[in-house]
Amino acid sequence: MKEHLEELLSQSLLHLVRDGYLGSECDIVPQLERTRTPEHGEFASNIAMVLAKRAGKPPRELAQAIIDKLPNSRQLNYAEIAGPGFINFHMDHVALTTVVKDILYHGDRYGHQPQNPDNEVTVEFVSANPTGPLHVGHGRGAAYGASLANILQAAGYKVQREYYVNDHGRQMDILAVSVWLRYLELCGEKLRFPDNGYRGDYIYNIAREVRNEIGDKWRFRGQDVLDGLPPDEAHGGDREVHIDAFIDRAREFLGQAGYEVFFETSVNSILVDIQQDLAAFGVKFDYWFSEKELEDSGALDHAIKRLEDNGHLYTKDGASWFRASELGDEKDRVVIRENGRTTYFASDIAYFLNKMERGFKKAIYIFGADHHGYIARLRAAAKGLGEDPECLEILLVQFAVLYRQGEKVAMSTRSGQFITLRELREEVGSDAARFFYVMRSHDQHLDFDLDLAKSQSNENPVYYIQYAHARICSVFRNLEEMNETHNEAIGEAALDLLTEPNEIKLLRELSRYPEAIETAARLRAPHQLAHYLQSLATEFHAYYNSHQFLVDDENIRNVRLNLILAAKIVLANGLELLGISAPESM
RNA sequence: GCGCCCGUAGCUCAACCGGAUAGAGCAUCAGCCUUCUAAGCUGAGGGUUGCAGGUUCGAGUCCUGCCGGGCGCGCCA
């Protein structure tokens with residue numbers, strides 16, 4: 001409906017340009033937007049006010065000229081000037097009822113654009129280090145990323161969902177050592193656990209796993225392990241120095257083979273856990289990208305060489321630096337350390353280049369708000385690589401702050417004090433959690449009241465939407481019990497009977513779905529879809545309460561069934577994109 | 001100190017390149033189940049969009065300053 005109007009407007013403007021009314025050039029795309037109130041019709045355009053200066057005419061006069069040149073259309077009832085120069089478009093009834101036909105015809109494809117293979121994007125999200133289970137902070141990124149990816153796909157993008165696995169760095173070493181220490185404890189050794197180690201219960205579980213596999217093969221006397229290590233923070237030392245010495249000690253005692261057992265088992269065990277967790281949350285990835293792979297495949301060297309060739313690297317203090325400050329970052333960045341190892345940032349650069357070389361037009365990154373420093377850094381990297389920085393898009397998801405009994409819940413992975421995504425899912429359910437996470441704009445802080453989510457889960461807005469879907473299903477069940485069938489053809493022939501105010505409002509809402517998808521995709525705003533579904537459910541519930549569907553008159557009955565079937569389809573489509581189930585009954 | 005994000009109803013939040021009378025839910029108050037699921041519906045009250053300027057036909061939205069909150073500023077990952 002909107003597209004049709006845009007076409008009409010463009011033709012009118014074209015006429016005016018040809019007649020010399022608007023001056024030489026007119027490349028302005030007509031802006032159409034939904035009106036706030038029905039008195040202003042379905043759509044309004046401010047085009048006359050925008051072009052008034054250029055045309056040298058008062059806005060209202062220009063508006064009249066535009067209206068005069070509008071081609072005839074049976075969908076458009078009339079257009080009128082309002083206020084300072086708005087053009088309000090009042091649609092014909094047939095334009096609204098056609099929507100029902102469209103929806104029943106297209107089914108779960110309604111409102112979704114055909115996939116354009118030339119518009120390929122990669123969306124990277126979650127990418128949490130495999131050092132522990134996902135917590136509720138990761139949940140928001142997961143829900144947001146998954147929903148956004150689905151919405152982009154519905155809007156016609158070809159989407160690849162990626163998870164970057166940091167299976168390489170020092171944090172992983174700390175993890176392996178933490179597991180080894182817990183393993184020694186299980187063997188009966190008494191050791192002091194480092195301040196900087198990972199403390200969660202899951203570390204014990206992995207240690208137990210290793211021990212079940214290989215018994216006491218890697219047991220050493222606790223005293224020998226600790227002997228001569230620099231003091232930990234609690235004893236007046238430096239926790240980083242202490243843990244690094246511990247890592248060296250582990251490599252020394254365990255040897256290459258033994259160290260790998262702890263390292264690999266830890267990473268794999270946690271990764272599998274994360275994968276299962278996300279799958280149960282309805283979040284699927286097309287590609288789990290391994291950081292280690294970057295080094296092994298030569299992609300890392302390749303990217304660094306590209307920077308070098310482009311003249312963006314220099315050497316200082318034995319390290320290799322990227323001249324990021326000349327490309328918009330606040331300071332230069334090390335890519336190869338004095339000790340010869342590449343930095344985490346070097347991997348980021350290589351990964352981005354890899355994405356571009358795989359042919360993506362756009363690489364979308366979804367990061368937690370604490371990563372905002374990455375924006376300038378990665379953009380500099382893109383420029384340094386000679387890639388278009390416009391291909392890089394970083395979306396920051398603000399923190400979800402948990403509240404329990406009115407108190408902020410403190411969280412830290414290292415201390416093992418966090419609420420896991422799994423716990424949240426089990427407590428409030430996947431559907432409610434998915435909805436809560438995306439019902440707010442991603443750039444807003446999210447207050448997640450656990451007690452409220454748990455105790456009052458029946459009042460979650462998600463149930464309101466699902467209930468609308470279930471009610472419609474119930475109507476059709478009742479129809480069957482009455483030994484009646486729904487005849488869509490009769491309904492379609494009777495579309496002009498949909499004249500009740502509640503029906504008009506529902507029709508209007510249904511016609512807005514394609515626009516909601518388009519807006520949500522363009523603004524990277526799944527919450528737009530969440531809000532749309534809420535107001536669609538509102539219109540349905542209002543209709544349900546004011547009119548009977550299963551009436552004797554077969555024209556009215558069937559046309560109303562057509563309408564609510566259309567509503568059911570759109571509700572299910574929208575919920576699907578948000579990763580939420582559409583139950584047949586509740 | 002420097003940088004990024006945010007500030008809208010009692011609470012949690014919407015408001016699509018700057019558009020018309022700033023909207024929902026929760027909470028509060030008053031109503032609606034002999035008929036398709038009351039996890040529902042109808043109605044009411046509730047606002048100087050943090051403050052002060054500026055830009056223009058028009059500002060919650062853009063610019064400047066201030067106030068308040070969050071986060072970030074490693075040869076960490």
Side-chain angles (χ1 to χ4, degrees), chain A residues 29 31 33-37 39-40 44-46 49-50 52-53 58-59 82-86 88 129 131 166 168-174 240 291 316-321 330-331 333-345 347 368-376 396 398-399 401 439-441 443-449 452 456-468 470-479 481-482 515-516 518-520 522-523 525 527-528 530-531 534-535 537-538 540-551 560-561 564 585-586:
Chain A
V29 191
Q31 292 174 45
E33 55 178 36
R34 287 278 173 173
T35 55
R36 282 184 199 275
T37 139
E39 291 127 53
H40 295 146
S45 176
N46 62 356
M49 289 179 286
V50 174
K53 212 172 257 179
F86 290 104
N88 290 338
N129 287 355
T131 53
N166 283 129
H168 197 49
R170 179 164 165 272
Q171 291 307 315
M172 301 311 304
D173 287 319
I174 296 176
E240 305 294 343
E291 183 191 0
K316 192 181 88 182
D317 303 331
S320 190
W321 294 70
E330 50 184 70
K331 58 178 80 164
R333 309 281 176 184
V334 172
V335 287
I336 305 176
R337 285 183 281 231
E338 195 181 359
N339 63 14
R341 298 191 64 178
T342 53
T343 58
Y344 186 86
F345 180 47
S347 297
D370 55 335
H371 281 61
H372 62 70
Y374 274 49
I375 297 177
L396 297 178
Q398 297 294 321
F399 286 160
V401 182
M439 66 190 289
R440 307 294 180 219
S441 171
D443 57 14
Q444 282 289 342
H445 291 265
L446 179 68
D447 285 342
F448 209 126
D449 188 325
L452 194 75
Q456 301 189 7
S457 59
N458 279 1
E459 288 169 17
N460 279 342
V462 65
Y463 289 98
Y464 181 80
I465 299 168
Q466 291 180 316
Y467 184 45
R471 265 184 158 176
I472 297 171
C473 294
S474 173
V475 171
F476 282 97
R477 279 195 299 271
N478 288 324
L479 181 72
E481 277 175 28
M482 294 162 62
E515 295 156 43
E518 192 276 330
T519 304
R522 179 165 40 84
L523 300 177
H527 76 277
Q528 295 265 355
H531 283 275
Q534 279 191 90
S535 63
T538 297
F540 169 75
H541 286 308
Y543 183 35
Y544 182 95
N545 275 275
S546 61
H547 293 86
Q548 194 76 15
F549 309 143
L550 301 179
V551 293
R560 287 185 175 171
L561 289 173
I564 65 169
S585 66
M586 291 174 72

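Just so it is clear: chains get the letters A, B, ... in the order the sequence lines come, proteins before strands, and each one is counted from 1.
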What is the distance from CG of A/D370 to P of B/rC76, rounded to the nearest Å? 18 Å
Contact class for A/H372 (heavy atom, under 4.0 Å): base, sugar-phosphate, or nothing? base
Tell which nucleotide pairs with B/rA9, taking only Watson-Crick or G-U wobble pairs whose two distances are both under 3.5 angstrom. none
Would you mind classifying the nucleic acid contact of A/Q398 as base, sugar-phosphate or nothing, using non-hydrogen atoms under 4.0 angstrom? sugar-phosphate
Check whether any side-chain nitrogen or oxygen of A/T519 sits under 4.0 Å from OP1 or OP2 of B/rC16, and answer yes or no. no
A/R170 near the nucleic acid: base, sugar-phosphate alone, or nothing, with a heavy-atom cut-off under 4.0 Å? sugar-phosphate
For B/rC41 and A/Y464 - does any side-chain N or O of the residue sit under 4.0 Å from the phosphate oxygens OP1/OP2? yes
Remember a base hit wins even if backbone is also touched, and classify A/H168 as base, sugar-phosphate or nothing at under 4.0 Å, heavy atoms. nothing
Are OP1 or OP2 of B/rU8 and a side-chain N or O of A/Q444 less than 4.0 angstrom apart? no
Do we count A/H531 as stacking onto B/rA14 if the rule is ring centres under 5.5 Å and planes under 30°? no
Within the structure shown, what part of the strands sits under 4.0 Å from A/N88 by heavy-atom distance: base, sugar-phosphate, or nothing? base
Tell me what A/F476 touches on the nucleic acid: a base, only sugar-phosphate, or nothing, going by heavy atoms under 4.0 Å. nothing
Base partner of B/rG40, which must satisfy Watson-Crick or wobble distances under 3.5 Å: B/rC32
Describe the nucleic acid contact of A/A82 in one word from base, sugar-phosphate, nothing, applying a heavy-atom distance below 4.0 Å. base
With side chain to side chain donor-acceptor pair (under 3.5 Å) as the criterion, how do A/S347 and A/E291 come out once you've worked through the C-alpha distance, each side chain's angles and the decisive distance to 0.1 Å? CA-CA 7 Å; A/S347 297; A/E291 183 191 0; 2.9 Å; yes
Residue mapping more 5' on RNA chain B - nearest nucleotide basis, A/F345 or A/N46: A/N46
Under 4.0 angstrom, heavy atoms only, what part of the nucleic acid is A/E338 near: base, sugar-phosphate, or nothing? base
Separation of the P atoms in B/rA15 and B/rA52, to the nearest angstrom: 25 Å
Would one find a side-chain N or O of A/R36 under 4.0 angstrom from OP1 or OP2 of B/rG19? no
Residue A/L550, side-chain heavy atoms: nucleotide from B/rG19, B/rA14, B/rC36 that is nearest: B/rC36
Does A/T37 reach a base, just sugar-phosphate, or nothing at all? Heavy atoms under 4.0 Å. nothing
At 4.0 Å (heavy atoms only), tell me whether A/A520 reaches a base, stays on the sugar-phosphate, or touches nothing. nothing
Enter the distance from A/H531:NE2 to A/Q534:CD here, rounded to the nearest 0.5 Å. 6.5 Å
Rounded to the nearest Å, what distance is computed from the CG atom of residue A/N545 to the P atom of nucleotide B/rC32? 14 Å
Between A/K331 and B/rG74, is there a contact of a side-chain N or O with OP1 or OP2 at under 4.0 Å? yes
Counting heavy atoms from C-beta on, name the nucleotide in B/rC76, B/rC41, B/rU37 closest to the side chain of A/A470. B/rU37
Between A/L550 and A/M482, is any pair of side-chain heavy atoms under 4.5 Å apart? yes
Is it true that A/N129 and A/T131 share a donor-acceptor pair across their side chains at a distance under 3.5 Å? no
Stacking between A/Y467 and the base of B/rG40 (centre distance under 5.5 Å, interplanar angle under 30°)? no
Looking only at atom P, what distance separates B/rC17 and B/rG60, rounded to whole Å? 15 Å
The Watson-Crick or G-U wobble partner of B/rG1, with both key distances under 3.5 Å, is B/rC73
Quick one: closest heavy-atom pair of A/P59 and A/P84, and the distance? CB-O, 3.4 Å
Below 6.0 angstrom between ring centroids: does that apply to A/H371 and A/Y374? yes
On RNA chain B, nearest-nucleotide positions of A/M439 versus A/R477: which is more 5'? A/M439
Within the structure shown, what part of the strands sits under 4.0 Å from A/A468 by heavy-atom distance: base, sugar-phosphate, or nothing? nothing
Could you go through A/K316 and A/E338, starting from their C-alpha distance and side-chain angles, then the distance that decides it, and tell me whether this counts as side chain to side chain contact (heavy atoms under 4.5 Å, CB included)? CA-CA 9 Å; A/K316 192 181 88 182; A/E338 195 181 359; over 6 Å; no
Under a 3.5 Å cut-off for both distances, is B/rG65 Watson-Crick or wobble paired, and to whom? B/rC51
Taking only side-chain N and O atoms of A/H527, does any of them lie within less than 4.0 angstrom of OP1 or OP2 on B/rA15? yes
Quick one: the side chain of A/Y374 and the base of B/rA77, do they pair up donor-acceptor inside 3.5 Å? yes
Between A/Q534 and B/rA14, is there a side-chain N or O to OP1/OP2 distance below 4.0 Å? no
